[in-house]
Protein chains: 2
Amino acid sequence: MTEKKLTLQLDFHSGLPIYTQIVTQIQSQLANEILKPGDQLPTVRALAQELRVNFNTVARAYRMLDEARIISTQQGRGTYITEIPPPEVTKKLQEETLIELTDRFISEAYRLGFTEREVSQMVRDRLKVRKEAKVREKE
Amino acid sequence: MTEKKLTLQLDFHSGLPIYTQIVTQIQSQLANEILKPGDQLPTVRALAQELRVNFNTVARAYRMLDEARIISTQQGRGTYITEIPPPEVTKKLQEETLIELTDRFISEAYRLGFTEREVSQMVRDRLKVRKEAKVREKE
DNA sequence: CCTAATATTGTACTAATTGTATCATTGTGT
DNA sequence: ACACAATGATACAATTAGTACAATATTAGG
């Protein structure tokens, strides 16, 4: 299973906020492959209890990591490391990733009977929808 | 008999609730005639066991589909695809399926850090690659 | 055949587990 | 004393799981 103990070392007298320490240590464990994409992190309450900290402090750390797209928090489900390619991957590898992703998408659409024209048009539409949504969000 | 294997692919880390994934995948299989009117779906417990989820999660998905008049659940009998799904319903479902598929693809690409331009360009490229491959295949 | 017991199926309600939102409290620096 | 950031407390919402039940089908006895 993807259960981890996630041993973190907090320093309560360092002056650094707890949530910052949690964030950076998870980031570093990810960078060192102690944590891997897909891994489930402890629940906010479980980790909080282990660290002797309020669970909202853990939740705050998780939220920052979530906003940074490093983890994915899901209400009622749990928290998982996202499938982000490690920072050391090259641009070329990233390109290959997008190719694979795109090909899977196209294959699935074709398998469901959609035509090239329909797929192409839908991608344009949905990209546009997102862009417009983002614009409205800023207002 | 009208028994189907009903292979569903769940992603437990996608952020989408399990019941939503079940609903949309059954919708798409209906829209694309992998499932047909009159087909019996697996029992809530059977499907739950196969998917390794609680049977109430399947029941919730079935209930949503039932409310949408897409399936008919009958206590003590089983669950069946509704007999006369109007053509415009399946057409609409099909469209929704492609939207859903496309949005998932775009979200994933964005999450991996690709831009709208890159995604758009890659879709064009890969569609073109496929078309050309198909042309060569005919020669 | 008919009928009653049993099994199978979906339903309803509840509980448990998760993250979220909001505000209060604390503590530190100026 | 004040301002501000960090942390804690409390209530909430979403998802999934547990348990008991009702409706139907199937099977066993006669």
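Per chain, numbering begins at 1; letters A, B, ... match sequence-line order.
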Show the distances under 3.5 angstrom between N or O atoms of the protein and N or O atoms of nucleotides 2-4 of chain D.
none

Close residues, residues 53-62 of chain A, relative to DNA chain D [heavy-atom separation under 4.0 Å]: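 DNA chain D contact set from residues 53-62 of chain A: V53(A), N54(A), F55(A), N56(A), T57(A), R60(A).
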Just to be sure I understand the geometry, which residues of residues 7-24 of chain A put a non-hydrogen atom under 4.0 Å away from DNA chain D? P17(A), I18(A), Y19(A)
Flag the pair [X] / [Y] as yes when at least one side-chain heavy-atom distance between them is below 4.5 Å, and no otherwise.
X       : Y       : value
F12(B)  : L51(B)  : no
L30(A)  : I71(A)  : no
T20(B)  : M64(B)  : no
I22(B)  : L8(B)   : yes
I81(B)  : K36(B)  : no
R126(B) : F105(A) : no

Applying a strict under-4.5 Å side-chain criterion to I, L, V, M, F, W and Y, I'd like to know whether L16(A) and V23(A) cluster together. no
Distance (rounded to the nearest 0.5 Å) between [X] [atom1] and [Y] [atom2]:
X       : Y       : atom1 : atom2 : answer
N54(B)  : R60(B)  : CG    : CZ    : 12.0 Å
L101(A) : M122(B) : CG    : CE    : 9.5 Å
I70(A)  : L41(A)  : CD1   : CG    : 11.0 Å

Take the protein atom [atom1] of [X] and the nucleotide atom [atom2] of [N], then report the distance between them rounded to whole Å.
X      : N       : atom1 : atom2 : value
L65(B) : dT11(C) : CG    : C1'   : 16 Å
L47(B) : dG10(C) : CG    : C1'   : 14 Å
R52(B) : dA17(D) : CZ    : C1'   : 16 Å
I71(B) : dT9(C)  : CD1   : P     : 15 Å
L51(B) : dT15(D) : CG    : P     : 18 Å

Check: protein-nucleotides 16-18 of chain C nitrogen or oxygen pairs below 3.5 Å:
residue, atom, partner, partner atom, Å
dT18(C), O2, G76(A), N, 3.1

More than 12 heavy atoms from other groups under 6.0 Å of CD on E67(A): yes
Atom CD of Q121(B) with >12 non-hydrogen neighbours under 6.0 angstrom: yes
Please identify each residue that fulfils side chain to side chain donor-acceptor pair (under 3.5 Å) with T24(B), with sequence neighbours left out. none
With B for base contact, S for sugar-phosphate-only contact and - for none (protein heavy atoms under 4.0 Å), nucleotides 23-30 of chain C reads --------
Between K131(B) and E116(A), is there a side-chain N and carboxylate O pair less than 4.0 Å apart? yes
Polar side-chain atom of D66(B) near backbone of Y62(B) as donor-acceptor pair, under 3.5 Å: no
